[in-house]
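All remarks here apply to the structure that follows.
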Amino acid sequence: MDAVEYYNVIANSYEPLYRAEQEKKVDRILELVNVTKSDNILDIGAGTGILEERLQGYNITAVEPSRLAEKLLEKKLIDVKIVREPIEKFFSNEKFDKVFCITVLQDMDESQRSTCINKALLFAKPGGKIVISVLERSGIDLSYLNPFSVLQIENDKVFIFSV
């Protein structure tokens, strides 16, 4: 079962299973990364929209290929554009001040992971920030991309890049 199929199966129980952990990660990340109302934000692998809830009223494009996107839609959040497709198929002429990819890469194979990172770089505005977190136990290390900050939050290793 691939990751999208897995999240389709657990869509109704995702929040009871993962919400508290994800909220802690998102809150800590938002303490570290200055997000302003004028920022254009891309959230890759938005899940049920915990980041979107925290930034309600901000201009956010949420990319989520699984049924978790339906849970995000149900929240009727303001200024959130929901794109239900994998990042590999996503394209936009927009550039983003902040690109988030929180606890996603470990659910991808190497090719998808590489595409996801390249898309984050492609869509980030010069001077923007990219935040990528991965489960620590995945062993994924993005240090080779020269992040300006690497830290541990909950069970994740968080890489913050300046573009």
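In what follows, residues are counted from 1 in the order of the sequence shown.
- Note: Phe90 and Phe96 have tilted aromatic rings, judged against thresholds of 30 and 60 degrees for the angle between ring planes.
- Here the side chains of Ser133 and Lys157 are not in contact, with every heavy-atom distance at 4.5 Å or above.
- Thr115 and Asn118 are not linked by any side-chain donor-acceptor pair at a separation below 3.5 angstrom, with hydrogens and angles left out of the test.
- For the residue pair Ser66 / Glu64, a side-chain donor-acceptor distance below 3.5 Å is found, with atom types taken as modelled.
- Test Glu15, Glu70, Glu52 against Lys75 for salt bridge (charged side-chain N to carboxylate O under 4.0 Å, His left out) and you get one pass: Glu15.
- Within 6.0 Å of the NZ atom in Lys76, the count of heavy atoms belonging to other residues, nucleotides or ligands does not exceed 12.
- When the options Leu151, Ile132, Ile29 are evaluated for a side-chain contact (heavy atoms from CB on, under 4.5 Å) with Ile160, the one that passes is Leu151.
- Remark: Tyr18 engages Tyr14 in a ring-ring contact (aromatic ring centres under 6.0 Å, His included) (not counting sequence neighbours).
- The number of heavy-atom neighbours closer than 6.0 Å to NZ of Lys24, taken from other residues, nucleotides and ligands shown, is 12 or below.
- A donor-acceptor contact closer than 3.5 angstrom links the side chains of Ser143 and Asp141.
- Of the charged side-chain nitrogens involved, at least one lies within less than 4.0 Å of a carboxylate oxygen, so that Asp27 and Arg54 count as a salt-bridged pair.
- For the residue pair Asn40/Tyr58, the side-chain donor-acceptor check at 3.5 Å is not satisfied.
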